[in-house]
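Letters A, B, ... mirror the listed sequences (proteins, then strands); counts begin at 1. All of these numbers come straight from a predicted model, not from anything done at the bench.
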Amino acid sequence: MQPVLVPQPDGSLRVDGRRVPLGELPSVVAARDAAARWTWDDTNRWYPGLLSAGVRVERAHDLRLAHRILRSSALASWPDPDDAWDSLPVTPLTAVADEPAMLFGPVDDAARPDPVAELARQDAVVAGSAAAGRLRLLLAAESAGALTAVEMYHAGLPWLADVHDAVLTETLGPRPRLGERPARLDELAQRIRDALGAPATLNPDSPQDLLRAMQRAGVGARTLRKWELEQLDHPVVEPLLEYKSLYRLLTANGWAWLEAWVRGGRFRSEYVVGGVVTGRWASSGGGALQLPKSVRRAVVADPGWTFVVADAAQLEPRVLAAMAGDEVMAAAGRGPDGRGADMYAGIVASGAVPTRELAKVGMLGAMYGGTTGSSGQVLPRLAKAFPRSLAFVDEAARAGERGEVVTTHLGRSSPLPGATWHETQAGAYQDDAGDDDVARARSYARSWGRFTRNFVVQGTAAEWALCWLASIRRRLWALGVDSALPDGAVLPPFTGRPHLVFFVHDEIVVHTPSSLAEAVAAEVQEAAAEAGRLLFGDFPVAFPLSVAIAPSYADAK
DNA sequence: ATTAAAAGCCAC
DNA sequence: AAACGTGGCTTTTAAT
């Protein structure tokens with residue numbers, strides 16, 4: 001049930017006691033029953049090659065990812081000092097997929113630690129935990145996430161380069177020759193110079209030059225931040241803000257981006273599972289997690305296909321309510337029919353605060369540690385209406401201020417503050433400590449408290465999202481039908497079935513044959529309910545989604 | 001010439 | 001209104 005891939009010195013693998021030449025791995029995997037949990041050092045190292053060979057894996061155990069969680073979890077006690085598993089690098093997907101000869105990467109790496117021993121060690125650590133069930137769920141979800149991330153890279157996000165190019169041309173003007181400024185930016189640069197009475201040599205791309213020119217013109221700006229410029233009353237503000245906005249589009253998602261990251265009608269950015277301390281995913285290359293709304297028009301489904309786009313509404317406050325056991329706040333998120341409604345509207349309906357906007361900034365402030373402005377002002381009212389949730393995040397913040405570890409619902413623990421932090425705290429208790437030493441220590445402590453306050457919520461929301469993803473992935477596969485080509489050949493994974501193509505923290509995009517879109521939408525809904533049950537059992541918290549079916553990502557929002 | 005930091009904006 | 005969490009990425013500018 002749990003075959004382990006053990007790299008051998010001769011470049012082959014040992015699986016279930018049998019020697020398997022690398023080239024035979026796909027057929028060995030394909031021959032096993034679907035319940036097998038494939039256990040390996042690094043999903044990124046083995047799974048891309050399997051997918052390329054047309055073999056999908058249902059379940060996996062990623063030893064590297066599991067190790068990272070267990071090593072620092074406060075819900076487990078790890079028996080050994082640091083070893084090779086603590087510094088095992090993740091295999092970059094680009095290294096595996098770009099080079100067919102490297103389908104599985106090099107295997108004869110003597111430094112690779114023993115996966116069989118590591119699995120036994122991890123099993124023992126989990127079994128010895130008082131929260132073994134939660135940890136098992138977390139490890140399973142993390143590993144399923146690793147499979148999903150590789151599959152999304154394999155499939156890619158459908159991307160029409162000509163639509164992207166049209167967006168750029170409409171906004172910036174036609175693509176200029178190398179080193180030249182697009183027409184629209186050029187006009188704005190001239191308007192900026194005119195408004196400042198600056199010479200033609202003024203380059204708005206140089207913050208130094210620009211700020212100096214603005215000071216000479218008496219604009220009164222101290223920085224070039226957008227929000228600060230918006231406060232000013234000067235003719236340069238409007239063209240400058242426009243320039244900055246277009247410049248951003250050009251440099252971050254312009255023609256160069258298009259050429260670098262879009263190939264064959266697909267955008268591929270590598271997801272880094274667990275790449276954020278809280279357990280959120282990071283991404284590498286192309287900035288998948290910051291795709292600006294302006295270019296999402298280019299995300300267009302294949303002919304005959306469409307997208308199901310879903311995002312979890314107010315995920316973090318719902319997660320907070322559930323982990324804090326706050327029935328009152330959970331009720332505010334269930335709505336009149338009990339199936340889930342706008343949580344901020346529910347908070348208003350409860351009488352705690354007068355407007356939705358205040359409910360929103362107040363809850364965000366509670367989860368981020370905000371103290372100023374309208375957010376700070378409504379906190380006392382929220383604390384009175386929802387004492388359990390507010391006390392929960394406050395306790396996480398206090399633990400952080402004391403330099404302690406906090407832990408998510410399933411058992412991912414925060415790191416400890418570094419040496420500088422401790423030195424600063426110690427500095428406040430020196431005999432010769434001045435007011436500034438004490439203030440700095442307090443500021444550092446508060447800052448770490450904001451981190452731990454947010455960690456428990458963001459981290460548990462990431463766990464919910466992992467379970468959601470895993471459930472969607474499994475349901476889509478079960479829903480799918482194997483498409484056969486006219487000659488009877490079966491299409492490889494994901495070329496004929498609905499599949500995940502995008503994920504950002506609390507939002508997913510499924511690329512699906514149009515005929516299955518409604519069924520996919522229903523499964524995505526079911527998966528959200530399942531994720532809630534997996535994490536919080538019978539606790540009555542709702543996780544409603546907003547779901548849209550549209551052939552373009554931009555139209556789904 | 002190369003690297004690192006700083007500033008700023010994008011996403012959630 | 002502008003301090004209040006997690007990141008990636010690009011450019012300019014300073015440092016080596």
Under 4.0 Å, heavy atoms only, any strand: does [X] hit a base, just the sugar-phosphate, or nothing?
X: A:Leu364; result: nothing
X: A:Gly287; result: sugar-phosphate
X: A:Val277; result: sugar-phosphate
X: A:Phe455; result: nothing
X: A:Ser374; result: nothing
X: A:Ser284; result: sugar-phosphate
X: A:Gly286; result: sugar-phosphate
X: A:Ser245; result: nothing
X: A:Gly369; result: sugar-phosphate
X: A:Arg446; result: nothing
X: A:Gly285; result: sugar-phosphate
X: A:Asp205; result: sugar-phosphate
X: A:Leu315; result: nothing

Can you see if the side chain of [X] gets near the phosphate of [N] - specifically, an N or O under 4.0 Å from OP1 or OP2?
X: A:Lys244; N: B:dG8; value: no
X: A:Gln290; N: C:dG8; value: no
X: A:Lys226; N: B:dC10; value: yes
X: A:Ser206; N: C:dT13; value: yes
X: A:Thr371; N: C:dC4; value: yes

Item to complete: Could you tell me whether the side chain of A:Arg450 has a donor or acceptor atom within less than 3.5 Å of a complementary atom in the base of C:dC4?
Response: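 It does not, because no donor-acceptor pair links the side chain of A:Arg450 to the base of C:dC4 below 3.5 Å.
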Worksheet item: When only distance counts, do a donor and an acceptor, one from the side chain of A:Arg225 and one from the base of B:dC9, lie under 3.5 Å apart?
Response: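 Under the 3.5 Å cut-off, the side chain and the base do not form any donor-acceptor pair.
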Can you check the [X] [atom1] to [N] [atom2] distance for me, whole Å?
X: A:Glu228; N: B:dC9; atom1: CD; atom2: C1'; result: 15 Å
X: A:Leu210; N: C:dT13; atom1: CG; atom2: P; result: 10 Å
X: A:Glu242; N: B:dC9; atom1: CD; atom2: P; result: 14 Å
X: A:Leu240; N: B:dA7; atom1: CG; atom2: C1'; result: 14 Å
X: A:Leu211; N: B:dG8; atom1: CG; atom2: C1'; result: 13 Å
X: A:Trp468; N: B:dC12; atom1: CH2; atom2: P; result: 13 Å
X: A:Gln208; N: B:dA5; atom1: CD; atom2: C1'; result: 14 Å

Ring centroids only, cut at 6.0 angstrom: are [X] and [Y] within range, meaning strictly under it?
X: A:Phe267; Y: A:Trp257; value: yes
X: A:His409; Y: A:Phe536; value: yes
X: A:Trp261; Y: A:Trp255; value: no

Worksheet item: Using 4.0 Å as the upper bound for N to carboxylate O, is an ion pair formed by A:Arg297 and A:Glu170?
Response: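 A salt bridge links A:Glu170 with A:Arg297.
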Worksheet item: Closest to the A:Arg296 side chain: C:dT6, B:dC12, C:dT12?
Response: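 Among C:dT6, B:dC12, C:dT12, the one nearest the side chain of A:Arg296 is B:dC12.
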Item to complete: Side chain of A:Arg280 only, please: which of C:dT6, B:dA11, C:dG7 is the nearest?
Response: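 Looking only at side-chain atoms, A:Arg280 lies closest to C:dT6.
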Side chains of [X] and [Y] only: does a donor on one sit below 3.5 Å from an acceptor on the other?
X: A:Asn44; Y: A:Thr91; value: no
X: A:Ser471; Y: A:Glu530; value: yes
X: A:Asp194; Y: A:Gln190; value: yes

Worksheet item: Quick one: on DNA chain C, does A:Gln231 or A:Phe451 contact a more 5' nucleotide (nearest heavy atom)?
Response: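 In this pair, the answer is A:Gln231.
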Worksheet item: Which residue lies toward the 5' end of DNA chain C, A:Asn454 or A:Glu230, if each is placed at its nearest nucleotide?
Response: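 This one resolves to A:Glu230.
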